[in-house]
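Here is the structure we will look at, set down as structure tokens.
Since this is a predicted model, take the numbers as computed values, not measurements. Note on naming: letters A, B, ... go to the chains in the order of the sequence lines (proteins, then strands), and numbering restarts at 1 for each one. Note: hydrogens, waters and symmetry copies are ignored here, and every other heavy atom, side chains too, is used.
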Amino acid sequence: MPCKVLVLAEHEGGAVAGITYELLGMAHRVAGEMGWAPAEIKALLIGSGIAGAAAEIAARGAAEVIVAEGPAVQGYTGDAWHRVVEAVAKSESPEMVLFGHTPNGWDVAPLVAAGLGVPLATECSAIARESGAFRFSRKAFNGKFVQVIDLGTARPLLATMQKGAAPAFSAATRGRVRPVPAGVGEADLRARFVEIKKGQAGAVDLTQAAIIVSGGRGLGGADKFAVIRDLAQALGGQVGASRPVTDMGWLPHEHQVGSSGVTVSPKLYIACGISGAIQHIVGMRGSGYIVAINKDAEAPIFGVADVGVVGDLFEIVPALTKAVKEAKG
Amino acid sequence: MARPAAAAGAAPLRSFMKSLFNGHLEADLVFPYPRQDAEAKETLGLLLESFRGWARQNLDGGAIDRSGQFPAHVVKGLKELGMMGMTIPEEYGGAGLPITSYCATATIVGAHLGIGSKGVVLYGSAEQKKRFLPAVARGDLLAAYALTEPTSGSDAASLKTRAVWDAARQVWVMSGGKRYITNGGVAGLFTVFARTEVDGKDRISAFIVTRDLPGVSTGKEEEKLGLKGSSTTDLYLEKVPVPKENLLGEPGRGFKYAMEILNDGRVSLAAGTVGGAKEMIDQAVKYARERRQFERPIAEFEMIRGKIAEMMTGTYAAESMVYLTTGLAERGDVDYSIESALSKIFSSENAWRVINHAVQIAGGNGFIKEYPYERYLRDCRINMIFEGTNEILRLFVTLAGVHTLGEELKKVGRALKDPISQIGVLSEFAVKKIRQAVSDEQLPDIQPPLAKTAARAAHYAEALSVTAEKALRAHGKGIVEREFVQERLAEAAGDLYALIACLARANDRIRKEGAEAARRDILLTRTFGNAAWRRIRRWLYQVEKNQDDNLAKVSDLAYEQGGYGADLVP
Amino acid sequence: MKSLVLVKQVPSADSPFRLNSSGTWIEEGNLTFGLNDYDRYALEALLKLKDAGKVAEVVALTVGPERAATVLRTCLATGADRAIHVKDAALEGSDPLSLAKVIKAAIQGEGFSLIMAGLQADDDNYGQIGPLLARLLDRPSATAAMGLELRDGTTVRVEREMENNRLLVVDLTLPAVITVQTGINEPRYASLKGIMAAKKKEIRTVALKDLGLDAAEVGGRAARLRTVRLASPPKGKGAEILKGPADEIARELVKRIREKTGVI
């Protein structure tokens, strides 16, 4: 079967990463629009000890999972992976190759682009047909503008997709798994995977956080921060704060978001008990998705939030923590 | 840096504003608008980029304000960046940047370079420069300017600190006290002005006094309204043996030096206030666009727009004046003392208005310490007071302006064999001659979009000179006592100089880049011009038609009552 | 060991950004420009290695118009030894792959062992040039470095930032290309002394013809990655307010967060 869309699957030690299903979701959406058969959607899975992952992906979106296993590709290196992706892209000649805009996705995609001699669209949030061509939407100037780009007529079209660009594919499929030789010898490599380790413990760097749960004056005291911490922990995020909180010493200064603290742009920002003074807003309005929880329906924070809840945060935040835990299983 | 060679006996230097008072529009001094030296501009650009990046991380103006202290790491950082040597000549380890250069830098640097060490740069001997400037440029030796005394503020020439030559020890023995010395607590080098006996006459001389000399000490840190991080103290001098090598320049010329240093300092100060005003505009615009009331950004409301427009035009004018004046200063062959005084008056008062508007735009938030507005308001207040109060400077502007006018009239008078006391009956000849001169000397090469505004400027330039001349005829030498008149003429001169500076700047942009590229300059110049010429007209009109008598009576009333008057109740 | 840092001049974050009349890029007239923030960290990483005696020379390279020379001077003032400015009007609008080809040509024969760049530029946010260049040079690369260690003369150990506060450690055989994440170090600022000293340092300016490249292949007109339009992001009219019992609201929030962000 020919291949129209090839998706680079991601996994962590054999567990399929969520982005894979989002990419498959995007692939199905594009294929549906183009009238391509679902059978022409394939995934490429690279690594070792990934048989289970391959079967899962085949059962959820990919008509075929091409599996490249071997010692040389056991841990991620751009040097090894781009060779596999390039080889498969050449043999399958898809119309489009989708990568996640993840640390490994953004690392390998340009290597593949240069190897194949085709342009690449990075950090895309949408793919649409316009004037008979694919158009890729993304943010430029750190979110100040939406940019729509065209990649011309060269194939395959390459794109790295932001998380959340498409809903994860969830229907059951009965794809097949096809092992291919990785085609990479360890001796060929100029990069050697060493390990994955924990980052610096204790260091709070909100600017790099993907998820921030912030508390404000509305919490009423340092001891009340537990509800915020619980939610942050459940989401795997960091704890932020507005100025009054750090001023009053409820949290150290490095947690402060805003003009006199840090400017953040996480994917998700949850503001609890923060009214939304301008100094706070300038520090967080670049966030991808903003949830505001506040007693005061007139609080300016609702002006910048995507979704809001008017109510007592001590009721809503614990309920949210519980729901998040349930959702994560 | 080039300096006016003001040695006694030399031909008087040209001065744009003196000529203007005199009825001559020496357009070649201001047209074309001075261009900054490209290399200096880039050096400054790089330094400021570096400084801003560093400041974002290390300089917390609010914290300095709250603690009242300049943290050691900040001083260290400023030293490492080389901010302390910006204007020190390159051969002594500085950057040799022109005085245009340090706007928007911390006060500590302003006092250090602007006036503290300026005396050594301008009048120091080669040996003195070699001895002091490298350490000054590194920031290891901070400098302060010590002129003011407890009983001698605006009347600086009445200072009492005295240095007596001790022939046996070959030292000047200096005793006295100085007040409100910026950098007093941290400086190692003081430029001190003291009375001395020169050829049997009582004259002021300038000295370099280092902190290590016996008898030198400083007082407690003053608690101030603003600029709390900067050090302000008394300087005590008790029989300080100042080595003869520390005499600055020629003995007896100290007062002249003191004034010339301030001349330079004022342009720097003006540049600093322009920087502050620009920052406040940025903050206010941001606030106005973000703050929503009645379901729209307050930026849309006309009373906010009016304030923003005034902030923009005033600051554009102030900036135009500052760069025009630094351009004049850097030529080295003109006297720019009036221009520098006008720049300081105009830009310090503009900054005050801008900050006041910004506070108002921010509403209640403007009054709260969490926002920067109130600190800016406090910090910028001193600019209207130090380095010459704006009142003293207004007096200086008018008297220096009409002084040459008086000289000119005297010349005409002599030609007609008519003494100056008879000037009131001087034939129409002289007046006509002056008027003729101005209207012939239109601003050159004015581009069409500015023609109307330029015509206004030329018209009021003439009016200033005519009014000044009339005032001089009316009051003669007595004009010295007529401060109401002096103030109005100075106000008119300030607006006029600002307007001419805007015109020169905008005109230059049109000529070089075309009217489309210059559309912002044209808009700002026209808008400023429309308000400025009306103000000038009013000021000049009031030189003759006024209620000064009432003002004097009302103030007398207050003085007699010792205040508002307890029995003045409704 | 010779090293190269790729830098870019970008509009300062506090500049007033406005769309151009054709709606394809921003209006440049009112902008102030500066060195891309990520690149400061890349430069600092090399200067640190130079301070430690592990790198002998740090060269800065940019591709850009005349005004871009300022960022090279910033690099020189901060400690770089010399600079290369690729300047050619035909390069306006060139796509990342073409720019990588141009850079490859510009450094041919230089023998750089370590090539660094910022993870991405603050204007287009593409994040491509580093790895594209690595592939064209057929050398290994790593992106988003949060740690860097020259093991010996032949290997560099890189700690790449991964999600959830983890680091992927990888050894690259030199020569290699590494892009850095902000926060990897504390960039120094140019001192006055450095600025004065920079005036005596070399900036070599090269055009396409000096590189033997054809504008028809790498120029802006040949760009395959093309911006069709640039627009302000759609403005939300304020938050949609959820109502109901806490449990229901919580479930609804989770659903939305999952749909909109994919973080759950």
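For the pair C/K260 and A/D306, the minimum side-chain heavy-atom distance is 4.5 Å or more. Between C/L168 and A/N104 the shortest side-chain heavy-atom distance falls below 4.5 Å. Looking at A/K328 and C/I264, their side chains come closer than 4.5 Å, going by heavy atoms from C-beta outward. The shortest distance between side-chain heavy atoms of A/E12 and C/M162 does not fall below 4.5 Å. Considering only heavy atoms from C-beta on, C/Y126 comes within 4.5 Å of A/R138 through its side chain. Counting heavy atoms from C-beta outward, A/I270 and C/I257 have side chains that approach closer than 4.5 Å. No side-chain heavy atom of A/K139 sits less than 4.5 Å from a side-chain heavy atom of C/N125.
Taking chain C as the reference chain and counting heavy-atom pairs below 4.5 Å, the highest number among A/V148, A/T122, A/I19 is found for A/V148. The greatest number of non-hydrogen atom pairs below 4.5 Å with chain A, out of C/I26, C/I129, C/L174, is found for C/I26. When the candidates C/Q120, C/K255, C/R139 are compared by the number of heavy-atom contacts under 4.5 Å with chain A, C/R139 comes out ahead. With chain C as the partner, the residue from A/A191, A/A154, A/S137, A/G288 showing the most heavy-atom pairs under 4.5 Å is A/A191. Chain C forms more heavy-atom pairs under 4.5 Å with one residue of A/D150, A/D79, A/V304, A/L320 than with any other, namely A/D150. Highest contact tally toward chain C, considering only A/D312, A/I316, A/L268, is held by A/L268 [criterion: heavy-atom pairs under 4.5 Å]. If you tally non-hydrogen atom pairs under 4.5 Å between each of A/G237, A/G308, A/G152 and chain C, the highest count goes to A/G308. Highest contact tally toward chain A, considering only C/D122, C/D247, C/D124, is held by C/D122 [criterion: heavy-atom pairs under 4.5 Å]. Ranked by heavy-atom pairs shorter than 4.5 Å toward chain A, the options C/P245, C/S141, C/A231, C/A121 are led by C/A231. Between chain A and the options C/A246, C/G262, C/P140, C/G127, heavy-atom pairs under 4.5 Å are most frequent for C/P140. The greatest number of non-hydrogen atom pairs below 4.5 Å with chain C, out of A/R135, A/Q162, A/K322, A/E315, is found for A/R135. Of the listed residues C/R256, C/R258, C/K101, the one with more heavy-atom pairs under 4.5 angstrom with chain A than any other is C/R256.
Applying a 4.5 Å heavy-atom cutoff, the residues of residues 111-120 of chain A that approach chain C are A/L111, A/A113, A/A114, A/G115, A/G117, A/V118, A/P119, A/L120.
Between A/D107 and C/R160 there is a salt bridge, since a side-chain N of the basic residue sits under 4.0 Å from a carboxylate O of the acidic one.
Neither the backbone nor the side chain of C/L133 has a heavy atom closer than 4.5 Å to any heavy atom of chain A. At a 4.5 Å heavy-atom cutoff, the contact between C/E259 and chain A is made by backbone atoms alone. In this structure, the portions of A/Q147 lying under 4.5 Å from any heavy atom of chain C include both its backbone and its side chain. Both the backbone and the side chain of A/E195 come within less than 4.5 Å of a heavy atom in chain C. For A/Q208, the part sitting under 4.5 Å from any heavy atom of chain C is the side chain, from C-beta outward, and nothing else. Contacts between A/Y76 and chain C at a heavy-atom distance below 4.5 Å involve backbone atoms as well as side-chain atoms. C/E161 touches chain A through backbone and side chain together, each having a heavy atom under 4.5 Å away.
Of all the heavy atoms in C/T143 and A/P103, the pair that sits closest is OG1-O, 4.1 Å. Across all non-hydrogen atoms, the minimal contact from A/W106 to C/A144 is CZ2-CB, 3.9 Å. Nearest heavy atoms, A/V310 versus C/I241: CG2-CG2, 3.9 Å.
In this structure, C/T261 OG1 and A/Y289 OH are separated by 8.5 Å, a value rounded to the nearest 0.5 Å. Rounded to the nearest 0.5 Å, atoms CG (C/D171) and OG1 (A/T77) are 11.0 Å apart. A distance of 7.5 Å separates NZ in A/K198 from CZ in C/R166, rounded to the nearest 0.5 Å.
With sequence neighbours excluded, no residue forms a side chain to side chain donor-acceptor pair (under 3.5 Å) with A/S265.
Counting non-hydrogen atoms of neighbouring residues, nucleotides and ligands closer than 6.0 angstrom, the CD atom of C/E92 reaches no more than 12 such neighbours. In this structure, A/Q233 places its CD atom where only 12 or fewer heavy-atom neighbours from other residues, nucleotides or ligands lie under 6.0 Å away. Within a 6.0 Å radius of CZ in C/R67, other residues, nucleotides and ligands contribute more than 12 heavy atoms.
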TODO: Given side-chain contact (heavy atoms from CB on, under 4.5 Å), test A/R192 with C/R157 step by step and report yes or no.
DONE: CA-CA 9 Å; A/R192 194 177 63 84; C/R157 174 159 289 189; 3.7 Å; yes
- [ ] Output, in order, the C-alpha distance, side-chain angles, deciding distance and verdict of salt bridge (Lys or Arg N to Asp or Glu O under 4.0 Å) for C/D138 and A/R190.
- [x] CA-CA 10 Å; C/D138 193 22; A/R190 287 84 42 93; 3.3 Å; yes
TODO: Using the salt bridge (Lys or Arg N to Asp or Glu O under 4.0 Å) rule, take A/E326 and C/R251 through it: C-alpha gap first, then chi angles, then the decisive distance, then the call.
DONE: CA-CA 9 Å; A/E326 281 167 12; C/R251 275 196 298 277; 5.3 Å; no
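Close placement of the C/W25 and A/F141 rings is indicated, their centers lying within 6.0 Å of each other.
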